[in-house]
Structure formats: structure tokens, C-alpha cells
Amino acid sequence: MSPVALQVQRALVLHGPKDLRLEERPFWPPQYNQAQVAVQSTGLCGSDLHYYLEGRNGDFALQAPLVLGHESAGVITAVGPGVKNLFPGQRVAIEAGIMCTECNYCQAGRYNLCKDMRFASSAKTFPHLDGTLQDRMNHPAHVIHPLPDNCSFEQAALAEPLSVLIHAGRRANLGSGQRVLVFGVGSIGVLACALANAYGASRVVAIDINQARLDFVKSHGFASQTYCLPMVDKAKTTEEQLRRAKDNITTALHKFNEPEGFDVVFECTGAEPCIQMSIHAAITGGKVMLVGMGSRNVMLPLSAAALREVDIHGSFRYANTYPEAIKLLASGKLRNIEKLITHRVPLEDSARAFELLARGKDEDGKMVIKIVVGPS
């Protein structure tokens, strides 16, 4: 009997901090209720970078080699038994989380809080679930979303980070006519600005410590006005830190001619001083959305929130957002959103992509915001 040739594919595998290896791995036919996707685009994000630099993302440390990447789109190449809504050749976006579908959170439609969630490219669960920086992957059909013809693979790769903002926006009741302030204009902050504009915000402004990023969001119409925070030495006491936060945001609010504050504040940095400022930045009765992840323990001016009924909301990943994200990306309402993707790199060059993301600038000094990895 002649041996059966084993089909192989390329996968970018992280073995430890800065230890990325392009490996050949076998790929298998999709199982029941799975589809196989040839990955065409994967956006790199902050969690991927943490794993690359440190071998961990917060409390979640590598326990075995892991394929990174979770902001992705591609083409169906095969479907397993039981799959009715997908077919080979179909263009799709991949939702990276696999929920249990049975717990109280899943049953209530809040599957982002599912305690048994397995998320591609995350080391939270073991065995780890590999991500999308590979030629092909098998994934449950119910979290694979068809794309309209007018949504490109690169746009569809933005559906995942955009979903984070759609979910946060829902929790903030984001809508037309509101004034919105965004702290931090990395890729998530830029998407927060774009979403607020698409939802009809009357004004969108941004704060950062990086003037080049602020120039980017203003020049492309994501924010109508910006403010660059001054770089100062770290405060020596908690009291000094809280006082500085209030003084800095007071100055910024006067620059924006909004001394009373903004209706909705998206905090996209995770930095303690910005979280403190965000509470003072919200108008009485306003909302603060904590989107960024950074400082684990934060001293907050809670009385400034409680006495003014400022609502502080946490926001974790997303649930039931992909259809809206894809529809928005295809609609053209997210004006200039393609400008967010500043660099494109083939899979075999991904180690360079991570180094670019870590530096924030390329060899020619061009600013790096979002890198998309594709096939050769």
C-alpha cells in the first residue's frame, strides 16, 4: 500500500520572548461544524506584541508554543459535516473566540464573559488555541462571518478591533449629537474616533502624549481637535498624582472650550494618569468607558465620579458585534479607515513586523499604527 502524502502548511509559532519560528505543520480536514479558512490578512495588536516581547500578556503566560494573531479574514477552502451556511470560495471574517454556548452568560448574549471561552492566540487556557498567523486554520462555523463583495480582506481584519469599540459604544449608549473625548490614539483609539463620527457624534476630540499620532488623527478627520499632554517626571505621592491629573485635564478641557467636560469619554490607554483624568473629563451625568488595558491597580478620584453621577464602565472584548462591524466597514461610513493600516508584511517576514510594532516607527521614520500580515 502506498503512503498517503501529508499536506503541510506554514505557521508562525512563538516559543518564548522574541522566539518566533516559521514552521511547517500538517493541516487536517475540518471536523464537524468546522470550516477551513485560508488566511489572507491578520492585523497585529497590542496583546500579540506583549506575547512576542515578554512571552506573556498580563497574567497569561505561554505554557507551550503558540501561534499568534486574531484579527483576521480569509477564504473558505473546505467545510466539515454539518456546516450549512458556508461554502468553499466564500470570503469571510474570523471571530477568534469560541464560547461554550451553554453557561448563563452565553445564554444571556454576553458570551464575552463566558468562563470557558477559548480565544485563538491567547495563553489564558491550556492547551492553548492557535491563532491566525498560519496559512490555514479550522474554526467553528458559527463564529465565521461572510463578507459582502465591497469589504476587502484588510478591512475585514479590522472587524475584530472595531468590535471592541462597538461593544464599548453599546455599553456607553453612544449615539448622535454627543460630544466624545478619546484618550490614546493608537489603533483602538483611532477606531473609537471613527466609530463616534459614524454614529453621528457632534464633536470628537483626542488626547495623547505623541504629537505625531495626534497629527495623524486630525489630518485624516478622525478628530476635529487634539491636545498633547506634557511629558513630566513621575509624581512622588498619590496626592500629587491626583492633583496633576485634575490640573492637566482642566487645561485640556479649556483648550477644547469644553470646561464642563464631554458626554462620553473613551479611555484607550490603560495608563493610570489617563484613567484619573478621564473621570474629570466627563460631564456631570456622563460616561467613562475603560477600554485600554494597562495598569492593574489604579488610584481613582471616586468622589469626583460619585458626586457628579459619572458612570464608569468596564468593557471586555465583544459579543454579537461582527455583523455590525462588517456592515460598517463595507458602508464607507468609517471615513479614511484604510489609513489606519500603515504597513503590510508577508507571513515569512512577521518577526520584522513585530519589531516594527515595538519601535513604533519603520526604517524610514514612518509612524507604525496597524500592521497587516498576509500570505507571500
Under 3.5 Å, is there a donor-acceptor pair linking the side chains of R203 and Q225? yes
Taking C-beta and beyond as the side chain, do N138 and Q31 meet within less than 4.5 Å on heavy atoms? no
Give a yes or no on whether the backbone of V265 and the side-chain of K287 come within a donor-acceptor separation of less than 3.5 Å. no
Mind checking the NE2-CD1 spacing from H280 to I283? Nearest 0.5 Å is all I need. 15.5 Å
Run the side-chain donor-acceptor check on residues 80-92: report pairs under 3.5 Å with partners two or more places apart or on a different chain.
from: Q90; atom 1: OE1; to: F87; atom 2: N; distance (Å): 3.1
from: R91; atom 1: NH1; to: P148; atom 2: O; distance (Å): 3.1
from: R91; atom 1: NH1; to: C151; atom 2: O; distance (Å): 3.4
from: R91; atom 1: NH2; to: C151; atom 2: O; distance (Å): 2.4

Residue pairs involving residues 259-283 (criterion salt bridge (charged side-chain N to carboxylate O under 4.0 Å, His left out); sequence neighbours excluded): R179-D263
Spacing of NZ belonging to K255 relative to CG belonging to N257, to within rounding of 0.5 Å: 12.0 Å
Ion pair R243/E239, N-O distance below 4.0 Å: no
Go through the steps for E154 and K370 under the test salt bridge (Lys or Arg N to Asp or Glu O under 4.0 Å), then give the verdict. CA-CA 11 Å; E154 285 191 352; K370 175 64 71 176; over 6 Å; no
Does E95 come within less than 4.0 Å of R317, counting only side-chain N to carboxylate O? no
If you round to the nearest 0.5 Å, how far is SG of C45 from CD1 of I371? 11.5 Å
Please verify the inter-ring angle class for F256 with F262; under 30° counts as parallel, over 60° as perpendicular, anything in between as tilted. perpendicular
For the atom pair CG (L165) and SG (C268), what is the distance rounded to the nearest 0.5 Å? 6.0 Å
Rounded distance (nearest 0.5 Å) linking atom CZ of F316 with atom CE of M293: 6.5 Å
Considering only residues two or more places apart or on different chains, which pairs with a residue in residues 180-191 satisfy salt bridge (charged side-chain N to carboxylate O under 4.0 Å, His left out)? none
ILVMFWY network linking V39 to V373, side-chain heavy atoms under 4.5 angstrom: no
Full working for side chain to side chain contact (heavy atoms under 4.5 Å, CB included) between I76 and I144: CA-CA 10 Å; I76 300 290; I144 295 177; 4.2 Å; yes
So how far is it from D116 CG to I98 CD1, rounded to the nearest 0.5 Å? 12.5 Å
Intermediate values then yes/no, side chain to side chain contact (heavy atoms under 4.5 Å, CB included), T269 and I209: CA-CA 11 Å; T269 72; I209 58 173; over 6 Å; no
Hey, are T77 and Q36 close enough side-chain-wise for a donor-acceptor pair under 3.5 Å? yes
